[in-house]
Amino acid sequence: MRQLIGFEIKKMLRKPLVWAALLGLVSFVAIMEYSWVVPGYASIQMVENGQKVTLEGFDAIPVDKEICAFYQGPITDEKVRTIVETYDIPDSLWEAGGIDPDREYHYVHNLLYNTLSANGFVNPDGSYSGKTVEEAFGDIAPELILGYSTGWECTLNALLYSFLLWGCIVTVIISPVFSEEYTIHMDALILTGIYGRKKCTLAKIISAFLITMAGSALLLGICTLLHLTVHGTAGWNCSVQLGELGYYDRIPYSMNWLQAYGLACIAWFGGMLVLTSIVLVVSALGKSAFSALVIAFVIYILPMFLPWNLLPESVALWGYLLPVNQMQLLRLFEFDLLTIGSITFPPVYLAVPVTVIALAAGILWSKKSFSQHQVV
């Protein structure tokens with residue numbers, strides 16, 4: 001069995017198209033990491049000796065960490081006011097740089113100031129708007145923790161787009177696993193062999209899941225290692241609603257960055273397993289390698305463009321549990337907590353039973369379809 005699995009893996013990875021796709025993925029991940037994380041778009045403008053100073057990249061990160069460490073903890077109205085007033089840059093310095101001071105909030109200051117600006121605590125001229133924390137975040141306001149979050153937020157976003165592309169490449173790699181045998185008329189030889197209907201079929205399925213999981217683990221491991229190397233673990237316990245980019249500010253329940261990272265892993269790995277199951281079934285049912293690739297790709301991509309937000313929440317939630325939507329995280333995170341009996345949990349946890357059901361169905365269906373394929 002081990003030899004059969006190794007043979008199937010080599011068979012799927014030997015094609016020039018696959019290596020071109022993998023090279024594209026590596027290039028894309030490198031660009032995403034450089035743009036978002038290493039060192040990303042880290043930038044600070046501050047006043048030093050009466051002059052406006054700009055720090056960027058690796059120079060900005062330790063300064064942002066230092067500022068955030070000083071204010072880290074529960075976010076309060078007084079803390080918000082102090083941060084905005086402390087890091088407000090004088091109008092004269094903006095005018096000296098040819099910038100309208102009444103548009104100050106459009107420009108970078110530091111992570112905390114930018115975070116507060118994104119959440120409506122800053123007026124266009126850079127002054128404190130008077131908005132309270134409770135007005136901004138409602139009932140979860142007392143639970144929110146302010147702190148350094150750039151590394152976590154940017155790594156999540158880099159991984160999000162990387163997993164979306166990895167899903168496309170998995171479709172390219174796996175779709176021929178069964179269908180290619182029909183195209184080159186090898187199905188007759190395989191299915192009439194002594195191990196064809198059982199061991200060979202099972203080896204194809206196992207090799208497909210091994211490629212998917214190994215690639216996903218490698219992608220997650222490399223990006224996480226880069227994040228920890230550049231940004232460290234700082235801010236793991238800070239609230240996702242207080243991220244500098246404001247992508248997660250509408251999540252209706254308390255969540256820190258480490259929890260978000262864990263839930264993201266459930267969504268990404270679950271989505272990849274479900275996608276692999278779907279592609280295996282399509283490959284086993286397809287008439288040719290090309291048709292299987294096209295059908296599998298459409299099934300993967302199409303749900304991204306459907307108007308799920310127009311449907312009732314109870315229906316839309318299941319739509320966002322489809323692989324391509326699940327990997328995007330944000331809309332899935334924005335659903336409120338679900339309650340079953342006395343247990344309350346984030347909707348992302350639904351990915352676990354969905355994955356288990358899809359795995360069982362995908363393995364059994366694809367195995368049966370190929371094993372019972374009519375040999376001509």
Side-chain angles (χ1 to χ4, degrees), residues 36-37 39-48 52-91 93-94 99 101 103-138 140-157 227 230-251 254-260:
W36 288 83
V37 184
Y41 62 90
S43 180
I44 293 176
Q45 293 194 78
M46 61 183 184
V47 179
E48 193 173 87
K52 185 162 68 69
V53 176
T54 300
L55 301 176
E56 295 183 340
F58 290 111
D59 293 331
I61 291 172
V63 178
D64 253 341
K65 282 186 174 182
E66 184 179 346
I67 293 171
C68 291
F70 185 80
Y71 292 100
Q72 182 159 344
I75 183 172
T76 63
D77 295 338
E78 179 60 25
K79 188 178 289 187
V80 169
R81 183 188 63 78
T82 301
I83 292 170
V84 174
E85 292 178 355
T86 300
Y87 297 102
D88 178 27
I89 296 175
D91 291 354
L93 295 182
W94 289 112
I99 297 173
R103 292 175 55 82
E104 180 177 348
Y105 81 139
H106 286 289
Y107 297 91
V108 170
H109 290 63
N110 58 55
L111 189 150
L112 293 187
Y113 188 100
N114 298 342
T115 296
L116 299 178
S117 178
N119 284 286
F121 293 106
V122 180
N123 290 319
D125 64 0
S127 61
Y128 177 43
S129 67
K131 186 177 185 178
T132 67
V133 176
E134 186 176 359
E135 287 173 345
F137 299 106
I140 65 171
E143 303 172 45
L144 300 183
I145 303 296
L146 191 64
Y148 186 79
S149 62
T150 292
W152 294 100
E153 186 172 21
C154 290
T155 299
L156 274 177
N157 284 298
H227 157 68
V230 176
H231 299 277
T233 59
W236 67 269
N237 61 335
C238 297
S239 300
V240 298
Q241 289 85 353
L242 298 174
E244 182 179 11
L245 303 178
Y247 287 168
Y248 300 91
D249 59 349
R250 289 188 296 175
I251 295 177
S254 180
M255 181 194 297
N256 64 42
W257 288 107
L258 187 60
Q259 290 170 334

Heavy atoms of Ser149 and Gly243 approach each other most closely as OG-CA, 3.7 Å
Side-chain heavy atoms of Leu146 within contact of Cys238, under 4.5 Å
no
Between Ile140 and Ser254 the two heavy atoms that sit nearest each other are CG2-N, 4.2 Å
Check whether any side-chain heavy atom of Gln241 lies under 4.5 Å from a side-chain heavy atom of Ile145, and answer yes or no. no
For this session: Given side chain to side chain contact (heavy atoms under 4.5 Å, CB included), test Val47 with Lys52 step by step and report yes or no.
Result: CA-CA 5 Å; Val47 179; Lys52 185 162 68 69; 5.6 Å; no
Task: Aromatic ring proximity Tyr248/Trp257, centre distance under 6.0 Å - done: yes
Nearest heavy-atom approach of Gly147 to Leu112 is O-CD2, 4.3 Å
Residue pairs meeting side chain to side chain donor-acceptor pair (under 3.5 Å), one or both in residues 109-120, sequence neighbours left out, come to Glu104-His109, Asn114-Glu244
inquiry  = If you define the side chain from C-beta out and look only at heavy atoms, does anything of Ser43 sit under 4.5 Å from Leu55?
reply    = no
One should read off an interatomic distance between Asn157 CG and Tyr247 OH, to the nearest 0.5 angstrom, of 6.0 Å
One should read off an interatomic distance between Tyr105 OH and Asn123 CG, to the nearest 0.5 angstrom, of 9.5 Å
**Message:** Atom CD of residue position Glu85 - does it have more than 12 heavy atoms of other residues, nucleotides or ligands inside 6.0 Å?
**Reply:** yes
Of all heavy-atom pairs linking Ser239 and Leu144, the shortest is OG-CA, 3.2 Å
*Can you find a pair of side-chain heavy atoms, one from Trp36 and one from His227, that are under 4.5 Å apart?*
no
When rounded to the nearest 0.5 Å, the distance separating CD1 of Ile61 from OH of Tyr148 is 5.0 Å
Between the CG atom in Leu111 and the NZ atom in Lys65, the distance rounded to the nearest 0.5 Å is 11.5 Å
* For the residue pair Ile83 and Leu116, establish whether any side-chain heavy-atom pair is separated by less than 4.5 Å. => yes
Separation between NE2 (His231) and OG1 (Thr155), nearest 0.5 Å, reads 6.0 Å
Heavy-atom distance under 4.5 Å between the side chains of Val80 and Val133, does that happen here? yes
Review point. What is the ring orientation for Phe121 with Phe137, classed by angle as parallel under 30°, tilted 30 to 60°, or perpendicular over 60°?
Key: tilted
Within a reach of under 6.0 Å around CD of Glu135, are more than 12 heavy atoms found that belong to other residues, nucleotides or ligands? yes
- Test side chain to side chain contact (heavy atoms under 4.5 Å, CB included) applied to Val108 and Ile44, step by step: CA-CA 6 Å; Val108 170; Ile44 293 176; 5.5 Å; no
Between Ile251 and Val240, is any pair of side-chain heavy atoms under 4.5 Å apart? yes
> Are the side chains of Thr82 and Tyr71 in touch, meaning some heavy atoms are under 4.5 Å apart?
Replying inline: yes
Practice task
Could you go through the side chain to side chain contact (heavy atoms under 4.5 Å, CB included) check for Trp152 and Asn256 one step at a time?
Solution key: CA-CA 10 Å; Trp152 294 100; Asn256 64 42; over 6 Å; no
